[in-house]
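Proteins get letters first, then strands, A, B, ... in listed order; numbering begins at 1 in each.
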2 protein chains.
Amino acid sequence: MANEAVQPLAISMGEPGGIGPDLILQLFAQRAALGLPPFVVYGHIGFLRARAARLGLDFDIVSTTPAEGRQRFADALPVVDIEGLVPDHPGHATPVSAVAVIASITRAVEDTLHGACRGLVTAPIHKGALYAAGFQHPGHTEFLAELCARGGTPRLPVMMLAHENLRVVPATIHVPLKEVPSLLTTDLILSTARTLAHDLRTRFGIAEPRIGVAGLNPHAGEAGTIGLEELDIIAPAVATLAHEGLAVEGPFPADTLFYLPHWRKYDAVIAMYHDQALIPIKTVAFEEAVNVTLGLPIVRTSPDHGTAFDLAGTGTASNASFLAAIRLADTMTGPKA
Amino acid sequence: MANEAVQPLAISMGEPGGIGPDLILQLFAQRAALGLPPFVVYGHIGFLRARAARLGLDFDIVSTTPAEGRQRFADALPVVDIEGLVPDHPGHATPVSAVAVIASITRAVEDTLHGACRGLVTAPIHKGALYAAGFQHPGHTEFLAELCARGGTPRLPVMMLAHENLRVVPATIHVPLKEVPSLLTTDLILSTARTLAHDLRTRFGIAEPRIGVAGLNPHAGEAGTIGLEELDIIAPAVATLAHEGLAVEGPFPADTLFYLPHWRKYDAVIAMYHDQALIPIKTVAFEEAVNVTLGLPIVRTSPDHGTAFDLAGTGTASNASFLAAIRLADTMTGPKA
């Protein structure tokens, strides 16, 4: 499972008041039984020790570098220590920790870009707590894209939700539903599909990716009688991509495309909007879906849940998605078949 | 399973060129093994005999009345014979049969309204074939609503998709996605929920139905930052319904609402549009989802698939949804717990 003799994964600690730190600590405690690949946590070491004690977890937590952390993983949790004020107040957003939260992400991205770490798993953040500290990005992913651009123009990151071999990519994401039809363009579908195909080849080792494309309207518009976007926008994109040699099919009615025997025919499916992608993956993956960011120069995965303040510090939150995010980052950065 | 000493179910034969007749005939052949409740087919007896012979099915097919059909079900397929020209041409829409197709639905509805049959299961039709014969309804369900209104103003029928105890009702149905936000009103959600609650009580025997309501936007609008329909339209409807004493909750983010442990907390969920309802039910129900029409004076179910011309006459189409439609019509018209 874990790759030998390579760099560790980086994990950013995320919002200290949420469940991210809990899950990191609990998964580390089970690293041998779970066969986890070595990872290094980017976070505040005093806070992590306090949270571990709160959860009744008893292991060493050591300040280290990524290279050294790789070696120490068997006997202690390696932490790249981020200074700052990080109180252990589970259950609440902690704006005072915003500087440290942002710094932990920034350092983790830098070390991954430089090759000291081979991929990044991010714990959930709470945007509201960060805005007070001057964070100006619409979300975690956009922030990562900007860090990865190193001052240049960020590439458009593409969000993928993955569960085993079921993968789905929404072409539009966190926008009101009524804006989706006007945001949907042939160019957007083309760029999304090209990024997806590129990363399926390079990150997932799929030489000839097969991609299915959903329609926007009921029954994929039923030949234009229930909407025209399939004819005017989506089908032309599919035709262009097929002409480029990509194994792409669609647009299909979304309800039959996500019927599992159909979905499984594709290495990934492109959905037109957030819920069209998220409903089927969450319905089949339960708590195990992983959020993967495509189009970045680094591998980045994250659990498909938020900070869950009500469960923070209790030790009762499910670690299934976080575990799957670590395993997928491991696979994506490992040798390809 | 089957209810004793009551009227049979009515089944309309649907498009003769499609798989509907195949499935009816095949299910009848297995009636004993499957424990099916007695049913009477409304269709052209000569056509049904020809299709049965084509499928290699060997049983008597007799012209009968509903009452007599109930008695003969054990030894012959009872048919309320509809005259007309109905050739056995599987694989093609048959416009010449349109008059008979419409008459079979009309007679089946009349007999169910009068109590000669206790519920109606409809086989799929092909609208295109019917329009040539003057059919002027947007769909099968709207036609049934008009027949049930007996010349009065039809009630707004409400579509439910059901699989075991998972049920979902789209508030808007066969409209382009871009029209959904403007069609969604508090009144529409209120009338949909009231019809749903009424029928859950009377048809499903659920005394205190629990209803969940989905949002329209990603994350149900995230408190207004990703769309306002939740605050302006959906939440006021939920508040009104709760004030009326209904156990209703929402609006919830659709992707987490259809996460199965959440979905199962409700007797039914109201979705805002077609794919939001159809994606999750088809993802979990595979081929077994049933389409139920609520708000009619009769019970009406139908399989959740179309005419599938490519499979007609081959005997290879799955009967899972049609079988589930018969069983659900049986349950809905049977004694309540």
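- The distance from the CG atom of B/L196 to the CG atom of B/L241 is 10.0 Å, given to the nearest 0.5 Å.
- Ranking A/I226, A/L278, A/L260 against chain B, the residue ahead of the rest is A/I226, based on heavy-atom pairs under 4.5 Å.
- For B/A235, the side chain to side chain contact (heavy atoms under 4.5 Å, CB included) partners at least two apart in sequence or on another chain are B/P251.
- One distance of note links CG of A/L311 with CG of A/L23; it measures 9.5 Å at 0.5 Å rounding.
- Of all non-hydrogen atoms in B/G14 and B/I125, the two that sit nearest each other are CA-CG2, 4.2 Å.
- Contacts of B/P181 with chain A are made by side-chain atoms alone, with heavy-atom separations under 4.5 Å and no backbone atom involved.
- Interatomic distance, CD1 of A/I189 versus CD1 of A/I234, reported as 5.0 Å (0.5 Å rounding).
- Between chain B and the options A/A254, A/P253, A/A214, A/P170, heavy-atom pairs under 4.5 Å are most frequent for A/A254.
- Chain B forms more heavy-atom pairs under 4.5 Å with one residue of A/G215, A/P280, A/A285 than with any other, namely A/P280.
- Shown here are the side chain to side chain contact (heavy atoms under 4.5 Å, CB included) partners of A/A324, two or more places apart in sequence or in another chain: A/V290.
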Could you list every donor-acceptor pair linking chain A to chain B (distance under 3.5 Å, backbone and side chains)?
{"from": "A/H174", "atom 1": "NE2", "to": "B/H219", "atom 2": "NE2", "distance (Å)": "3.3"}
{"from": "A/L177", "atom 1": "N", "to": "B/N217", "atom 2": "OD1", "distance (Å)": "2.7"}
{"from": "A/N217", "atom 1": "OD1", "to": "B/L177", "atom 2": "N", "distance (Å)": "2.7"}
{"from": "A/H219", "atom 1": "NE2", "to": "B/H174", "atom 2": "NE2", "distance (Å)": "3.3"}
{"from": "A/H219", "atom 1": "NE2", "to": "B/H274", "atom 2": "NE2", "distance (Å)": "3.3"}
{"from": "A/D255", "atom 1": "OD2", "to": "B/K282", "atom 2": "NZ", "distance (Å)": "3.4"}
{"from": "A/Y259", "atom 1": "OH", "to": "B/E287", "atom 2": "OE2", "distance (Å)": "3.2"}
{"from": "A/H274", "atom 1": "NE2", "to": "B/H219", "atom 2": "NE2", "distance (Å)": "3.3"}
{"from": "A/K282", "atom 1": "NZ", "to": "B/D255", "atom 2": "OD2", "distance (Å)": "3.4"}
{"from": "A/E287", "atom 1": "OE2", "to": "B/Y259", "atom 2": "OH", "distance (Å)": "3.2"}

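- B/I211 pairs in a side chain to side chain contact (heavy atoms under 4.5 Å, CB included) with only one of the listed residues (B/L200, B/V269, B/V169), which is B/L200.
- For B/L257, no part sits under 4.5 Å from any heavy atom of chain A, backbone or side chain.
- Applying the salt bridge (charged side-chain N to carboxylate O under 4.0 Å, His left out) test to pairs two or more places apart or on separate chains, none has a residue in residues 129-141 of chain A.
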